[in-house]
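One structure is given below, encoded as structure tokens.
In what follows, every heavy atom counts, from backbone to side chain, and hydrogens, waters and symmetry copies are set aside. Since the model is a prediction, treat every value here as computed from it, not as a measurement.
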Amino acid sequence: MEDIKTILISKFEEIERRMLSVLEQLDDEEVNWRPNETSNSIANLIVHISGNINERILNGILNRNAVRNRDEEFEELYRTKQELLDITRESFQFTIETIKGLTKDEWYKTQVVRNKERTHLEVIIQCAAHFSEHLGQVFYIAKTIKDSEYVTTSIPKKYKS
């Protein structure tokens with residue numbers, strides 16, 4: 001189980017690092033830019049990831065009672081760059097700390113996701129895949145906005161904020 005924990009923690013740390021690297025390149029207006037009315041902004045995607053963490057991990061694994069309105073995550077909204085940096089750090093650190101704290105037995109407990117029973121391990125793996133998909137959208141939006149000024153996130157770099 002420790003190998004799986006290490007792999008998952010590493011994946012979530014990578015997603016967090018790359019998300020923060022993209023955010024650092026943008027300003028408040030750019031993180032809220034939407035290509036059209038039916039598309040998401042980077043702010044929408046980060047708020048959505050946070051909502052997913054609340055539903056799947058906070059509620060599903062830790063049995064808390066966080067309220068989520070998924071539809072609101074995709075409506076036009078405005079968050080500052082700093083708010084999004086904070087949400088990203090908090091969301092991923094919460095996820096990583098939860099993974100670190102899970103016992104062997106807890107990995108195999110189940111929750112119902114979209115009318116199907118899934119183990120906590122399956123849920124966390126699905127979260128990693130889901131967040132990676134949205135990270136790709138964030139890259140695309142940022143590259144569209146920054147064009148030749150976009151700095152790739154595939155090579156680790158430390159940013160100050």
Side-chain angles (χ1 to χ4, degrees), residues 1-23 26 31-144 153-154:
M1 221 58 218
E2 287 308 309
D3 288 343
I4 293 171
K5 276 187 181 187
T6 301
I7 291 167
L8 287 169
I9 289 168
S10 177
K11 177 48 74 180
F12 284 108
E13 287 174 342
E14 176 189 5
I15 296 167
E16 176 188 21
R17 177 189 59 76
R18 295 183 78 187
M19 189 79 70
L20 294 172
S21 295
V22 170
L23 287 171
L26 304 170
V31 297
N32 288 284
W33 178 79
R34 295 163 61 126
N36 56 55
E37 288 183 20
T38 61
S39 295
N40 293 310
S41 66
I42 290 172
N44 287 115
L45 296 167
I46 291 173
V47 167
H48 172 63
I49 288 170
S50 177
N52 188 270
I53 288 170
N54 285 341
E55 182 176 357
R56 303 286 185 248
I57 297 174
L58 189 64
N59 289 346
I61 293 175
L62 300 176
N63 295 314
R64 306 260 174 82
N65 253 348
V67 177
R68 179 183 188 197
N69 185 334
R70 187 178 183 281
D71 292 340
E72 283 182 7
E73 297 164 11
F74 298 108
E75 293 175 2
E76 189 171 349
L77 53 79
Y78 187 91
R79 297 291 187 280
T80 66
K81 170 183 167 173
Q82 188 58 55
E83 287 175 304
L84 297 174
L85 288 165
D86 293 343
I87 290 168
T88 299
R89 285 186 187 106
E90 290 169 16
S91 295
F92 282 91
Q93 288 311 304
F94 175 76
T95 301
I96 290 164
E97 290 305 314
T98 300
I99 291 168
K100 286 178 181 177
L102 288 174
T103 65
K104 185 177 179 179
D105 290 341
E106 288 171 323
W107 284 104
Y108 298 103
K109 287 185 179 179
T110 61
Q111 60 179 283
V112 176
V113 177
R114 296 199 172 117
N115 299 318
K116 184 177 178 190
E117 195 164 325
R118 300 175 195 267
T119 67
H120 294 330
L121 176 59
E122 288 175 291
V123 167
I124 290 174
I125 290 169
Q126 178 56 39
C127 284
H130 181 206
F131 303 164
S132 293
E133 292 165 0
H134 288 311
L135 181 60
Q137 293 173 307
V138 169
F139 293 157
Y140 187 77
I141 294 168
K143 286 179 181 184
T144 299
T153 67
S154 59

Minimal non-hydrogen separation, [X] against [Y], with atom names:
| X | Y | result |
| --- | --- | --- |
| S154 | R17 | O-NH2, 4.2 Å |
| E122 | R118 | OE1-CA, 3.3 Å |
| N59 | A66 | OD1-N, 2.6 Å |
| R79 | V31 | O-CG2, 3.7 Å |
| E83 | Y78 | OE1-O, 4.5 Å |

Atom [atom1] of [X] and atom [atom2] of [Y]: how far apart are they, to the nearest 0.5 Å?
| X | Y | atom1 | atom2 | result |
| --- | --- | --- | --- | --- |
| W107 | T119 | CH2 | OG1 | 9.0 Å |
| T98 | F12 | OG1 | CZ | 10.0 Å |
| I125 | I4 | CD1 | CD1 | 6.5 Å |
| I99 | I7 | CD1 | CD1 | 11.5 Å |
| I15 | T153 | CD1 | OG1 | 11.0 Å |
| I46 | S91 | CD1 | OG | 9.0 Å |

Side-chain donor/acceptor of [X] to backbone N/O of [Y], under 3.5 Å:
| X | Y | answer |
| --- | --- | --- |
| Q93 | E90 | no |
| K109 | H120 | no |
| N54 | V67 | no |

Could you tell me whether the side chain of [Y] reaches within less than 4.5 Å of the side chain of [X], counting heavy atoms only?
| X | Y | value |
| --- | --- | --- |
| I124 | T95 | no |
| N52 | C127 | yes |
| M19 | I49 | yes |
| L121 | L8 | yes |
| F92 | L20 | no |
| K100 | L102 | no |
| Q82 | L85 | yes |
| L26 | W33 | no |

Pair [X]-[Y], side-chain donor/acceptor within less than 3.5 Å:
| X | Y | answer |
| --- | --- | --- |
| E106 | T103 | yes |
| N36 | S39 | yes |
| E73 | N69 | no |
| H134 | Q137 | yes |

Starting from the C-alpha separation in whole Å, work towards a yes-or-no answer on side-chain contact (heavy atoms from CB on, under 4.5 Å) for V113 and V123. CA-CA 8 Å; V113 177; V123 167; 4.0 Å; yes

For side-chain contact (heavy atoms from CB on, under 4.5 Å), just list the numbers for R56 and I61, CA-CA rounded to whole Å, side-chain angles, deciding distance to a tenth of an Å, and then say yes or no. CA-CA 7 Å; R56 303 286 185 248; I61 293 175; over 6 Å; no

Could you walk me through whether H48 and F74 pass the ring pair (Phe, Tyr, Trp, His ring centres under 6.0 Å) test, one step at a time? CA-CA 7 Å; H48 172 63; F74 298 108; 4.6 Å; yes

Kindly determine whether E13 and I96 satisfy side-chain contact (heavy atoms from CB on, under 4.5 Å), including the steps that lead there. CA-CA 8 Å; E13 287 174 342; I96 290 164; 3.5 Å; yes

Does the pair V138 and F131 meet the rule for a side-chain contact (heavy atoms from CB on, under 4.5 Å), with working shown? CA-CA 10 Å; V138 169; F131 303 164; over 6 Å; no

One thing to verify: whether E14 and K11 come together as a salt bridge, which I'm taking to mean a side-chain N less than 4.0 angstrom from a carboxylate O. yes

Can you confirm whether more than 12 heavy atoms, excluding those of Y140, are under 6.0 Å from its OH atom? no

Using a 6.0 Å cut-off, check whether atom CD of E76 has over 12 heavy atoms from anything other than its own residue. no

